Amino acid sequence: MRTMVVMVALLASGAALAQTTSAPSNPPMIGDRPLVQVKPRGGAAAKSDAAQPAKPSIAAQLQGCLEIEDGSKERLDCYDAIYPPKPKTPKPGAKQPRAKAVSDCRVLKEQDERLACFNGFAQALPKPPKS
């Protein structure tokens, strides 16, 4: 029993002494080649991201479109810039399904219907807190 305790103490202290706190001067090697370590880019990409302001959320962009005169082509163009139109041709005699999300408004073919659909969703959004 004593022998086992002594052996554990020797092995634990040997492992503790073998660990170094300073970084090794040579890079880690795999065979005769140095280990390749990937570092994050800190150059031009990080600088260009810092220079650009954060893009507002889609909700904020939709509410920004509400400031344009109602029923105008400019307001529809503002909405279309956020969600580009992708009209689907409905089957003959079929009704257009009701939009369940703001992104569903882009499939409406008629501009007046699309504008009314976007207006309904944009006006229903909660107002963002003023900072």
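None of these values were measured; they are calculated from a predicted model.
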Exercise. In Å and rounded to the nearest 0.5 Å, what is the CD1 to OH distance from I58 to Y83?
Worked result: 4.0 Å
Problem set entry | Beyond-backbone contact of Q63 with L125, side-chain heavy atoms, under 4.5 angstrom | yes
Problem set entry | For D77, all residues meeting side chain to side chain donor-acceptor pair (under 3.5 Å), sequence neighbours excluded | K73
Seminar exercise, completed: Minimal heavy-atom distance between L35 and I30, with the atoms involved, is CD1-CD1, 3.3 Å
For this session: Starting at SG of C105, measure out to CD1 of I82 and round the result to the nearest 0.5 Å.
Result: 11.5 Å
Exercise. Quick one: do V107 and L76 end up in the same hydrophobic cluster if we chain Ile, Leu, Val, Met, Phe, Trp and Tyr together by side-chain heavy atoms under 4.5 Å apart?
Worked result: no
List the atom pairs, donor and acceptor, that lie under 3.5 Å between side-chain atoms in residues 114-122 and the rest of the protein, sequence neighbours left out.
residue, atom, partner, partner atom, Å
R114, NE, D80, OD1, 3.2
R114, NH1, L108, O, 3.3
R114, NH2, D80, OD2, 3.1
N119, OD1, R75, NH1, 2.9
N119, OD1, Y79, OH, 2.9
N119, ND2, D70, OD1, 3.1
N119, ND2, L115, O, 3.4

Problem set entry | Enclosure of M4 CE (heavy-atom neighbours >12, cutoff 6.0 Å) | no
Exercise. In Å and rounded to the nearest 0.5 Å, what is the CD to SG distance from E74 to C65?
Worked result: 11.5 Å
Exercise. Is the count of non-hydrogen atoms from other residues, nucleotides or ligands lying under 6.0 Å from E69 atom CD greater than 12?
Worked result: no
For this session: Go through the structure and list residues passing side-chain contact (heavy atoms from CB on, under 4.5 Å) with A101, not counting sequence neighbours.
Result: S103, D104
